[in-house]
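The analysis underlying the following values was restricted to heavy atoms, covering all of them including side chains, and did not include hydrogens, waters or symmetry mates. In listed order, ligands and their atoms are each counted from 1. In this text the structure is predicted, and so the values were computed from the model without any measurement.
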Amino acid sequence: MHVLHVVGARPNFMKAAPLLQALGRALVRQTLVHTGQHYDVNMSDVFFQQLDMPQPDVNLGVGSGSHAQQTAEIMSRFEPVVLERRPDLVLVYGDVNSTVAAALVCSKLQIPVGHVEAGLRSHDRTMPEEVNRLLTDQISDLLFTPSCDADENLRHEGIATAKVHLVGNAMIDTLVRLLPRAEEQQNDGVPEPYALVTLHRPSNVDDLHWLREMLLALSDLSHELTVVFPVHPRTRQRIADLRLQALANGRLSMLEPRPYLEFLALQRRAILVITDSGGIQEETTFLGIPCLTVRENTERPVTTSLGTNVVVGRDIARLRSEVQRILNGGAKRPSPIPLWDGHAAERMAAVIASL
Ligand code: UD1
């Protein structure tokens, strides 16, 4: 058995790391391909180091571009690699452009594809990730799901149940493994209590009017509470486009994207998190930290039904009132999510080993 993994963007790395380890323990031959969708040291290299991942065997070096350019570039550079390496199975992760591009190449070459984190749906096709999820699941041969809602979505889309394996959440495997190391981090001297913020979705940062409103709301919040905001490169460009004067003050600190352990430590000690990230909705739920999601929907409904997540929409008044509720001690109390236990990758490796 030869398994080839394809990773490309920051949220892929935390999901692939435990699979690489579990398949390594099972002595499966593995190849790691990085598409180069994310290429900055602090969006990629530092994650490989902190997650103890091997260096990629191949880096396609595609970099940034429009969706069509990036997807097409990944496909044309990946095809010769997969033809040369001839894996028995290709594993793709999550919902980024690298995921759908690699899956499509393999499907046309009739190389089996396994999708890690299959079945999640926001039911909002204006999100590029939703299109990537739908298409990847349709052409995958093995679908590894993190929660029952994902199985239900796949059933509705007519995907044969025999292909679907409910295994739990690989990103939580990495969190469970590295939380003790994160606890040793000093949090860069950030004074508690503080709110932690991340924003990078096109729906939040590409609409400059809305982005301005959000930034002003965060600036307001920082009069009450320290706000720590590691800024994604895409968001940094948009903020520069806005030319806002005097946004950051002593208590709104806008930082470079944090490495994995530093960011996990920041989440762990935050009084609340404001985000539009998918992975952070899951991590905060696992950690029991209140999370406010600035989106109209979520593809991760268990984080709202069982976890600490509240989807506030694009609504500043709602965001403010939910922040107050948390500060007044009214945060949701989470229940454990089945199979989010640090062993999802072992379950996937067992399925793969039995093929
Ligand atoms: C991608 C994923 C998104 C995921 C996010 C995590 C897709 C469609 N989107 O969005 O689902 O949540 O990654 O970060 O795949 N840039 C840099 N350095 C980098 C990478 C990007 O400066 O290392 C800048 C570039 O200007 C680029 C922009 O960020 O144009 C956006 O990068 P891109 O990979 O297109 O999408 P993300 O917004 O990061």
Less than 3.5 Å apart, N/O on ligand 1 and N/O on the protein: could you list those pairs with the distances?
unit_1, atom_1, unit_2, atom_2, d
ligand 1, 11 (O), Glu129, OE2, 2.7
ligand 1, 12 (O), His200, NE2, 2.8
ligand 1, 13 (O), His38, NE2, 3.4
ligand 1, 14 (O), His232, NE2, 3.0
ligand 1, 15 (O), Gln37, NE2, 2.9
ligand 1, 15 (O), Asn97, N, 2.8
ligand 1, 18 (N), Tyr39, OH, 3.4
ligand 1, 18 (N), Asp40, OD1, 3.3
ligand 1, 18 (N), Asp40, OD2, 3.0
ligand 1, 22 (O), Tyr39, OH, 3.4
ligand 1, 23 (O), Tyr39, N, 2.9
ligand 1, 23 (O), Asp40, N, 2.9
ligand 1, 26 (O), Gln237, NE2, 2.9
ligand 1, 34 (O), Gln37, NE2, 3.1
ligand 1, 34 (O), His38, NE2, 3.4
ligand 1, 38 (O), Arg234, NH1, 2.9
ligand 1, 39 (O), His38, NE2, 2.8
ligand 1, 39 (O), His232, NE2, 3.0

Without placing hydrogens or testing angles, list every side-chain donor-acceptor pair under 3.5 Å for residues 54-62, not counting sequence neighbours.
unit_1, atom_1, unit_2, atom_2, d
Asp57, OD2, Leu32, N, 2.7
Asn59, OD1, Gly61, N, 2.8

*Please check if the side chain of Asn204 supplies one atom and the backbone of Leu199 the other of a donor-acceptor pair under 3.5 Å.*
no
*Does any N or O in the side chain of Asp173 come within less than 3.5 Å of the main-chain N or O of Pro18, such that one atom is a donor and the other an acceptor?*
no
_If you take the centroid of each ring, where Trp contributes its six-membered ring, are Phe13 and His34 closer together than 6.0 Å?_
yes
*Are side-chain N/O atoms of Thr136 and Thr99 paired as donor and acceptor at under 3.5 Å?*
no
*asked:* Looking at every heavy atom in both Ile139 and Val113, which two are closest together, and how far apart are they?
replied: O-CB, 4.4 Å
